[in-house]
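Single-structure report; data block below.
Note that these values count all heavy atoms, side chains included, but never hydrogens, waters or copies made by symmetry. Numbered from 1 within each chain, the chains take letters A, B, ... in sequence-line order.
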There are 2 protein chains.
Amino acid sequence: MRQGVDQHTDSDTDPNARPYHHGALRAQLIAAGLDLVAAEGVGALSLRRLAWEVGVSSGAPYHHFADRAALFAAIVVDGHDLLFSRLDAVRAGSSDAVAALRELLVAYASFAADHSAHMRVMLRPELAESAVHPEVTAAGARPIELLRSTVLAAQDEGAVPPGDPEPVLHMIWSLAVGYVTLWLDGPVEARCTALGTTPDEMIRRVASTVEALLRRPRA
Amino acid sequence: MRQGVDQHTDSDTDPNARPYHHGALRAQLIAAGLDLVAAEGVGALSLRRLAWEVGVSSGAPYHHFADRAALFAAIVVDGHDLLFSRLDAVRAGSSDAVAALRELLVAYASFAADHSAHMRVMLRPELAESAVHPEVTAAGARPIELLRSTVLAAQDEGAVPPGDPEPVLHMIWSLAVGYVTLWLDGPVEARCTALGTTPDEMIRRVASTVEALLRRPRA
DNA sequence: CGGCTATCTAAACGGTGCTCAGATCGCAGT
DNA sequence: ACTGCGATCTGAGCACCGTTTAGATAGCCG
């Protein structure tokens with residue numbers, strides 16, 4: 001770690017000298033934060049250590065983030081953007097709405113696997129203090145709206161019973177969040193290996209189960 | 001706060017003097033921790049503050065808990081005991097296995113509402129460092145075994161298709177954990193009030209939806 | 001070239017987890 | 001009854017944390 005950074009805002013003759021004005025501190029702090037979360041978990045993330053990691057004094061981050069929570073908030077917003085674009089692509093590429101619900105579940109989990117550092121921060125809203133940083137809740141609303149529209153489409157297809165879509169929405173939403181939480185926290189991983197599977201395969205089977213239940217003829 | 005404690009191990013003539021040997025420090029630290037989590041969230045929980053709250057020096061807790069994580073681990077184990085007994089009673093009082101699955105979901109959420117401080121700690125396994133405190137994972141396994149046996153019973157009743165019960169188990173497990181996470185973290189509460197409902201009512205409807213899907217005739 | 005502003009440094013404050021030498025007390029053994 | 005021992009608690013100390021502040025530095029605009 002502690003990679004010396006020499007990115008200047010303009011061309012400089014001396015490539016070894018660390019510039020007084022860093023030039024990309026904000027982005028590098030976020031990147032270093034994600035690296036640190038991936039390597040040692042969210043508990044190890046401190047602004048001081050991040051500053052040291054990037055090669056800057058302990059007070060420097062406060063010119064880019066109001067406080068620790070603001071750094072987390074930036075990571076969460078970034079993660080929700082990535083998540084939404086992935087979910088949106090999956091939704092667009094699905095044949096029908098019920099298949100889309102299955103694929104959304106799988107995509108949510110695979111996003112968590114591919115961007116586990118982002119996800120670990122996203123799952124801990126108290127770190128971002130969403131009450132103080134409302135852009136966090138706004139970013140989190142987009143994936144839910146996507147899910148909601150998919151549930152509505154599944155109702156139009158007749159798979160989901162007509163009426164209030166919210167119970168089904170909350171069911172799939174909670175399922176996705178819960179599975180990913182249990183995955184990243186350990187228990188699902190442990191149980192899957194004990195069962196001779198992988199969490200990746202398991203969410204696929206869970207999602208197929210949900211799809212099969214939705215596709216059963218209505219009584 | 002800062003309730004002066006005068007519990008002596010034996011009778012004492014001076015009721016106002018705080019005893020040198022506290023007598024019930026361990027239990028009181030746990031109780032104060034739960035109070036503090038309920039009042040200010042898990043982020044506010046520190047051993048120093050707990051010690052001050054109970055009226056004891058900052059080093060005293062370390063004679064009862066190896067470290068901060070051990071305190072959290074004790075809370076988690078306690079919580080899982082409470083949760084299991086509640087779930088077990090609900091399971092025993094249900095007419096059939098599918099109804100039991102619905103009631104288990106509702107009971108899980110209502111436990112989270114009634115013991116939110118316990119649940120907030122239980123949902124953050126990194127606080128208890130379950131790798132170092134294996135009794136935590138052992139305590140967490142009992143509710144899952146209960147769920148598993150209920151899913152198996154539902155298979156015997158014909159509602160759940162025969163075969164591997166694990167996908168259905170993971171579905172309900174994740175659903176319960178996810179809903180409670182989203183509830184305690186805020187977004188479900190916000191969405192429900194925006195919808196004119198309560199999270200309590202919503203989990204009932206979600207659980208009924210799951211039950212209805214399971215009861216649909218198999219294709 | 002001069003000044004303005006954003007950026008960064010370094011020091012400081014209070015709080016945290018955790019350790020440790022020493023004080024204190026209950027209790028078991030004689 | 002007394003003595004010693006072990007469990008418990010104190011209080012000081014270390015390293016780290018978030019955050020603030022005064023002051024140094026450098027890019028940029030006039």
Side-chain angles (χ1 to χ4, degrees), chain A residues 1-2 4-14 17-29 32-33 36-37 40-74 126-129 132-133, chain B residues 4-14 17-29 32-33 36-37 40-74 126-129 132-133:
Chain A
M1 285 295 164
R2 184 66 154 102
V5 179
D6 21 28
Q7 294 186 357
H8 283 223
T9 49
D10 59 335
S11 60
D12 194 336
T13 53
D14 183 357
R18 193 172 51 73
Y20 195 94
H21 279 52
H22 186 288
L25 225 203
R26 190 189 148 95
Q28 294 221 351
L29 285 172
L36 192 54
V37 169
E40 307 184 24
V42 311
L45 210 163
S46 73
L47 281 189
R48 286 186 108 107
R49 171 145 180 204
L50 250 40
W52 180 87
E53 210 90 50
V54 165
V56 110
S57 80
S58 68
Y62 288 88
H63 292 272
H64 299 275
F65 300 101
D67 52 17
R68 196 175 94 114
L71 199 229
F72 283 111
E126 85 277 8
L127 295 177
E129 291 185 12
V132 185
H133 301 273
Chain B
V5 179
D6 22 26
Q7 294 186 355
H8 285 223
T9 50
D10 60 332
S11 60
D12 196 335
T13 53
D14 184 356
R18 194 172 49 71
Y20 196 94
H21 280 50
H22 187 287
L25 226 202
R26 190 188 148 97
Q28 294 220 351
L29 286 171
L36 192 54
V37 169
E40 307 184 23
V42 310
L45 210 164
S46 74
L47 282 190
R48 285 185 107 106
R49 172 146 180 205
L50 249 42
W52 180 87
E53 210 89 51
V54 166
V56 112
S57 80
S58 68
Y62 290 89
H63 292 272
H64 299 276
F65 300 101
D67 52 17
R68 196 176 93 113
L71 199 228
F72 283 111
E126 84 276 7
L127 296 177
E129 292 187 11
V132 186
H133 300 275

Whole-Å distance, A:Leu127 CG to D:dG18 P, equals 12 Å
On a heavy-atom basis, the closest approach of B:Ala128 and B:His133 is O-CD2, 3.1 Å
Closest heavy-atom pair, A:Ala74 versus A:Phe65, reported as atoms and distance to 0.1 Å, is CB-CE2, 4.0 Å
B:Leu25 atom CG is separated from C:dC25 atom P, nearest whole Å, by 16 Å
To the nearest angstrom, the CG-P distance between A:Leu50 and D:dC16 comes to 16 Å
Heavy atoms of B:Ser58 and B:Ala51 approach each other most closely as CA-CB, 4.1 Å
Reading nucleotides 10-19 of chain C from 5' to 3' and marking B where a protein heavy atom lies under 4.0 Å of the base, S where only the sugar-phosphate is that close, and - otherwise, the string is B-B---BBBB
Between B:His64 and B:Arg26, the two heavy atoms sitting closest are O-NH1, 3.4 Å
Scanning both residues in full, the closest heavy-atom pair of B:Ala44 with B:Leu36 reads O-CD2, 3.5 Å
Please tell me if A:His63 has a side-chain N or O lying less than 4.0 Å from either OP1 or OP2 of C:dT5. no
Taken to the nearest 0.5 Å, the spacing of A:Asp67 CG from A:Glu129 CD works out to 6.5 Å
